[in-house]
Amino acid sequence: MPQDAIRAALDSALKTMGVEEAEIHLERPRDPDHGDLSTNVALTLARTLKRAPRAIAEELAERVDLDAAGVTAMEIAGPGFLNFRLASGAVASVLAEILAADTDFGRSEKGHDDTGTPRPAMVEFVSANPTGPLHLGHGRQAALGDAIAELLDWAGWAVHREYYYNDAGNQIDRLAASVRVRYLQHFGRDAEMSDDGYQGDYIEEIATAFAAEVGDRYVDDTSDDSLDAMRVFAVRLLRAEQDRDLADFGVHFDEYFLESSLYTDGLVASTVEALKATGHVFEQDGATWLRTTTFGDDKDRVMIRGNGQPTYFLPDVAYHHNKWSRGFRRVINVQGSDHHGTVARVRAGLQALGLPAGYPEYVLHQMVRVERDGVQVKFSKRAGSYTTMRELFEEVGVDVARYFLQMRKPDAQMVFDLDLALDQSDKNPVFKIQYAHARMCSIFAKSDVNPGDTQPGSADLSLLTHDLERELIKALGDFPDALRRALDAESPHVVCDYLGQTAAAANSWYHSGNPSRNPDLAVLVDDAGLRTARLALADAVRIVLRNGLSVLGISAPERMDRAGTSDD
RNA sequence: GCGCCCGUAGCUCAGUUGGAUAGAGCGCAUGCCUCCGGAGCAUGAGGUCGCAGGUUCGAAUCCUGCCGGGCGCACCA
C-alpha cells in the first residue's frame with residue numbers, strides 16, 4: 001500500500017525534528033487538485049510544537065525522502081497540508097489486490113483475538129412480540145441489524161444473530177382476549193373489543209382460522225383453558241407469519257430466544273438472588289427495588305411488584321446477563337428509539353452484577369415515514385394502525401426496501417420516498433449501483449474474457465492514466481476503509497454512500513468511453529495492453545460493487561431486466 | 001418539567017471524529033446524443049450550516065443558553 005510508505009517516510013522525517021510520537025492521518029482529498037493523498041499532520045502538531053502549521057509543513061517537506069515515500073511530487077497547500085502525488089502504477093497497484101482477494105476484498109481480521117480466532121459478537125434485532133404483523137420499524141431494524149451483523153462478519157467477528165421475543169405476559173394476554181372477541185363475533189355473539197385490544201383486521205383472520213379448526217366449542221367457555229387455546233393458536237400463527245416475512249426479506253437468525261425460558265430455566269430466579277447478594281436491593285412500599293441510581297439511572301427501579309410478579313426490568317437484566325454468560329463480550333441491540341428509556345436501567349442492573357458500564361451497545365433508530373407524491377401514506381387496514389413490512393417490500397422489492405431503510409443513519413428520522421423507490425432509472429440509488437455492476441458484466445459479455453479471468457499480472461496497470469480512471473481506482477481502494485468507518489459508526493449508511501459515489505465514478509468512466517464519442521477511452525480498445533488493463537479495472541469495479549452490495553444484503557445482478565417496456 | 005435524538009441547497013440527506021472554496025441525489029435551467037444497453041452524458045444556478053454567545057491558528061463539527069420537531073419519562077411491556 002502506498003500509504004504505508006508515505007507514513008513511514010513522514011514518521012522518520014518527524015523524528016529528525018524531535019517528534020517521537022505522531023498520529024499520521026492520510027486521506028484522499030475530495031478535490032483531485034489536492035493530490036492523490038494528503039495529510040494534515042503539520043496542522044495537528046501546531047499546538048504541541050507551538051509553531052505555525054505552515055512553518056512545520058515547510059520544515060517537514062525538506063526532510064521527507066520522496067523516493068522512499070514512493071511519490072512523484074509533494075506540495076504544501078493551504079494552511080499547512082502536505083499533498084502527495086503518486087505514479088499511476090502505484091495508484092493502480094490496488095487493482096491487483098482487489099482481483100487477487102476477489103470475494104474477500106474488504107475483509108479484515110480486526111475482530112480476531114491474539115490467537116487469530118474470531119471473537120464472538122451478538123446482534124439482537126427485530127425482537128418483535130408475536131402480537132401482530134411486522135411493521136415498518138421492524139423492517140428498518142431487520143435491514144440495519146442484518147447489515148451491522150454482516151459488517152462485523154467482514155471485520156472478522158464470529159457473528160450470532162438473535163431474536164428475542166415475549167411469548168408470555170400482558171401483551172400476549174391482550175392478544176388472546178382480542179381473538180376471543182372476534183371469535184365470539186364470528187358466531188354472532190355480542191362482544192365488544194376493549195380499548196386496549198388489538199384493532200387490526202388480522203385478529204379477525206386468526207379468529208376465523210381458529211373457528212375453522214375448533215368450531216364453536218369455546219363460545220360458552222370462559223375458562224382459562226379456552227383463553228390458553230386461543231393464545232397458543234394466535235402466537236403460532238403470528239410467529240409463522242413473522243418468520244415468512246423475515247425469510248422473504250432475506251433475514252435469518254441463528255437463535256430465537258423465548259422470554260418464557262428465562263423463567264422455566266430459572267434464570268430470573270437466579271438473577272434475583274444474584275442482585276440481592278450485591279446489597280443494592282431494598283424493600284419499599286411492599287415492592288422489591290434495585291438501587292439503579294448508584295449506576296447512573298434516573299431513578300431506582302422496581303424488580304418485583306407488590307403482588308409478587310416481576311416487572312419487565314427483571315427478565316431484561318436476566319436476559320442480557322445471560323448473553324454475557326454465553327461468552328458474548330460484544331453485543332449490539334438494534335431497537336426503535338422509543339425503547340431508549342430502558343437502556344440506562346438495563347445497563348445499571350448489569351453493572352450491579354459486575355458487568356462493564358457500556359454493556360450492551362445499542363443502535364436506536366428513529367421512525368420511518370412513507371411518502372408518495374410528497375404525502376404521507378396512510379396505514380394499512382389489516383394491521384390497524386401501521387404499515388406492514390411486507391406491504392412495503394412487496395411494493396418496491398426487497399433490494400430497494402433494504403437499501404432505503406439503511407441509507408440514512410439510524411438516529412435520524414427518515415422519509416421513505418415511494419416515488420423514488422419505484423423509479424427504475426439511475427435516479428434510484430439502488431438501481432444506479434446495480435446498473436453500474438451490470439454494465440461491468442456486460443463489457444465482459446462483449447469481450448473474449450470472463451470476469452475473474454482478467455489476470456492482472458499480465459496487465460500493465462500503469463497504462464490507466466486518465467483522470468476518470470485514477471479517481472475510480474482510488475475510490476475502489478477506499479472500500480476497506482468505508483467498511484471500517486461503517487462499523488465504527490455502527491451504521492450501514494456509510495456503505496450506501498460509498499457505493500453510490502463509487503457507482504457514479506464507474507458510470508462516468510464507462511460513459512466517457514462511449515465508442516461513438518471517445519473510442520480511445522472505451523474498455524474494448526484495439527490496443528491489447530490497454531484493453532487488458534481496462535478489463536482489470538472493470539473487473540475490480542464489479543468485485544467491489546458486488547462485495548459492497550452483499551454487505552447490505554442486496555443482490556448484484558449481472559443484467560438488469562427492463563420492466564414495463566416493450567422491445568423496440 | 002426532566003432525559004435522549006434531530007435541525008445543513010426548493011425536497012431527501014451526507015459531511016471520514018476540529019481542517020483547504022460546506023458535498024451528493026432528486027427537482028430546476030442550458031447544452032450534447034442513434035450508443036461497449038439512452039433507463040444516458042456534460043455544464044450551471046441554488047447555503048447567514050435553526051438563533052446567540054464562547055473555546056483557538058481554524059468550528060457545520062467541541063462548550064453554554066435559547067428556538068423548533070420527534071421519542072421517552074409505571075409496582076405496563
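In what follows, chains are A, B, ... by sequence order, proteins preceding strands, each numbered from 1.
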Per the O4'-C1'-N9-C4 / O4'-C1'-N1-C2 angle with a 90° window around 0, U17(B) comes out syn
Have S38(A) and E27(A) got a donor and an acceptor in their side chains that come within less than 3.5 Å? no
Distance, rounded to the nearest Å, where D373(A) contributes CG and C11(B) contributes C1': 14 Å
Which atom pairs link the protein and nucleotides 70-74 of chain B when you take only N or O atoms and keep those under 3.5 Å?
from	atom 1	to	atom 2	distance (Å)
C73(B)	O3'	K299(A)	NZ	3.4
C73(B)	O2'	K299(A)	NZ	3.1

Taking any heavy-atom pair under 4.0 Å as a contact, classify Q284(A): base, sugar-phosphate, or nothing. base
Between the main-chain N or O of V525(A) and the side-chain N or O of R531(A), is there a donor-acceptor pair closer than 3.5 Å? yes
Work out how far the P atom of A42(B) is from that of C4(B), and round it to whole angstrom. 45 Å
Taking only the C1' atom of each, what is the distance from C28(B) to U12(B) in whole angstrom? 16 Å
Nearest to the side chain of D488(A), which nucleotide is it out of U17(B), C36(B), C5(B)? U17(B)
Rounding to an integer number of Å, can you tell me how far D297(A) CG sits from G3(B) C1'? 11 Å
Counting the atoms with a prime plus P, OP1 and OP2 as sugar-phosphate, which does V523(A) contact under 4.0 Å by heavy atoms, base, sugar-phosphate, or nothing? base
If the P atom of G69(B) is compared with that of G27(B), how far apart are they to the nearest Å? 31 Å
Dot-bracket for RNA chain B, 5' to 3', Watson-Crick and G-U pairs with both distances under 3.5 Å, [ ] for crossing pairs, | for partner on another strand, reads (((((((..((((.....[...)))).(((((.......))))).....(((((..]....))))))))))))....
Under a 3.5 Å distance rule, please check whether D373(A) uses its side chain to pair with a backbone N or O of V375(A) as donor and acceptor. no
Looking at F416(A), does the NZ or CZ of R369(A) lie under 6.0 angstrom from its six-membered ring centre and within 45 degrees of the ring axis? no
Residues in residues 170-178 of chain A with a heavy atom under 4.0 Å of RNA chain B, by number, are N170(A), Q171(A)
Sticking with atom C1', work out how far A45(B) lies from A9(B), rounded to a whole angstrom. 11 Å
Any R54(A) side-chain nitrogen or oxygen under 4.0 Å from OP1 or OP2 of A20(B): no
Closer to the 5' end of RNA chain B via nearest nucleotide, is it E558(A) or S508(A)? E558(A)
Roughly how many Å is it from CG in D526(A) to C1' in C36(B), rounded to a whole number? 13 Å
Between T131(A) and N129(A): side-chain donor-acceptor atoms closer than 3.5 Å: no
Residues in ring pair (Phe, Tyr, Trp, His ring centres under 6.0 Å) with F125(A), at least two apart? F253(A)
Closer than 3.5 angstrom, by distance alone: can the side chain of Q406(A) be matched with the main-chain N or O of L552(A) as a donor-acceptor pair? yes
With a 4.0 Å cut-off on heavy atoms, is M414(A) in touch with a base, just the backbone sugar-phosphate, or nothing at all? sugar-phosphate
For residues N333(A) and H339(A), is any side-chain donor paired with an opposing acceptor at under 3.5 Å? no
When the P atoms of G15(B) and A24(B) are considered, how many whole Å apart are they? 15 Å
Tell me, with the steps shown, if F257(A) and Y165(A) meet ring pair (Phe, Tyr, Trp, His ring centres under 6.0 Å). CA-CA 6 Å; F257(A) 196 101; Y165(A) 72 95; 9.6 Å; no
Ignoring hydrogens and angles, tell me if any N or O in the side chain of H321(A) forms a donor-acceptor pair with the backbone of A318(A) under 3.5 Å. no
Is it true that, when you exclude D526(A) itself, more than 12 heavy atoms of the residues, nucleotides or ligands shown sit nearer than 6.0 Å to its CG? no
Quick one: R372(A) CZ to U12(B) P, roughly how many Å, whole number? 18 Å
Given G37(B), A77(B), C5(B), the nucleotide with the shortest approach to the side chain of M560(A): G37(B)
Between atom CZ in F431(A) and atom P in G40(B), what is the gap in whole Å? 12 Å
Rounded to whole angstrom, note down the P distance from C66(B) over to A20(B). 31 Å
Are Y319(A) and Y164(A) an aromatic pair by the rule of ring centers under 6.0 Å? yes
R439(A) CZ to C35(B) C1', in whole Å, measures 11 Å
Please state the C1' separation for the pair A60(B) and G7(B) - nearest whole angstrom. 11 Å
Over how many whole Å does the gap from L524(A) atom CG to G37(B) atom C1' extend? 14 Å
Under 3.5 Å, is there a donor-acceptor pair between the side chain of Q242(A) and the main chain of R239(A)? no
Check D417(A), V415(A), V377(A) against E371(A) for a side chain to side chain contact (heavy atoms under 4.5 Å, CB included) and give me the one that passes. V415(A)
Taking only side-chain nitrogens and oxygens of T311(A), does any of them come within less than 4.0 Å of OP1 or OP2 of C75(B)? no
Under 5.5 Å between ring centres and under 30° between planes: true for Y510(A) and the base of C36(B)? yes
Strictly distance-based, threshold 3.5 Å: is any side-chain N or O of D399(A) a donor or acceptor partner for the main-chain N or O of S555(A)? yes
On RNA chain B, compare the nucleotides closest to R485(A) and S512(A); which residue's is nearer the 5' end? R485(A)
Would you tell me if any nitrogen or oxygen in the side chain of H493(A) comes within less than 4.0 Å of OP1 or OP2 on G15(B)? yes
Answer yes or no on whether R291(A) is positioned over the face of F282(A), meaning its NZ or CZ is under 6.0 Å from the six-membered ring centre and within 45° of the axis. yes
What's the gap between C63(B) and U16(B) when it is taken at their P atoms, as a whole Å value? 15 Å
Can you measure L521(A) atom CG to A42(B) atom P for me and round it to whole angstrom units? 13 Å
Using nucleotides 54-58 of chain B, report all nitrogen or oxygen pairs with the protein that are shorter than 3.5 Å.
from	atom 1	to	atom 2	distance (Å)
G58(B)	O6	R47(A)	NH2	2.9

Hey, would you say the Y362(A) and H340(A) ring centroids sit under 6.0 Å apart? no
Pick out which of L499(A), L549(A), I433(A) makes a side chain to side chain contact (heavy atoms under 4.5 Å, CB included) with I554(A). L549(A)
Under 4.0 Å between a side-chain N or O of K409(A) and OP1 or OP2 of G15(B)? yes
Check nucleotides 22-28 of chain B for protein N or O atoms closer than 3.5 Å to its own N or O atoms and list the pairs.
from	atom 1	to	atom 2	distance (Å)
G27(B)	OP1	K427(A)	NZ	2.7

Using only atom types and a distance under 3.5 Å, with no angle test, would you say the side chain of S127(A) pairs donor to acceptor with the backbone of Y163(A)? no
Presence of H25(A) side-chain N/O under 4.0 Å of U17(B) phosphate oxygens OP1/OP2: yes
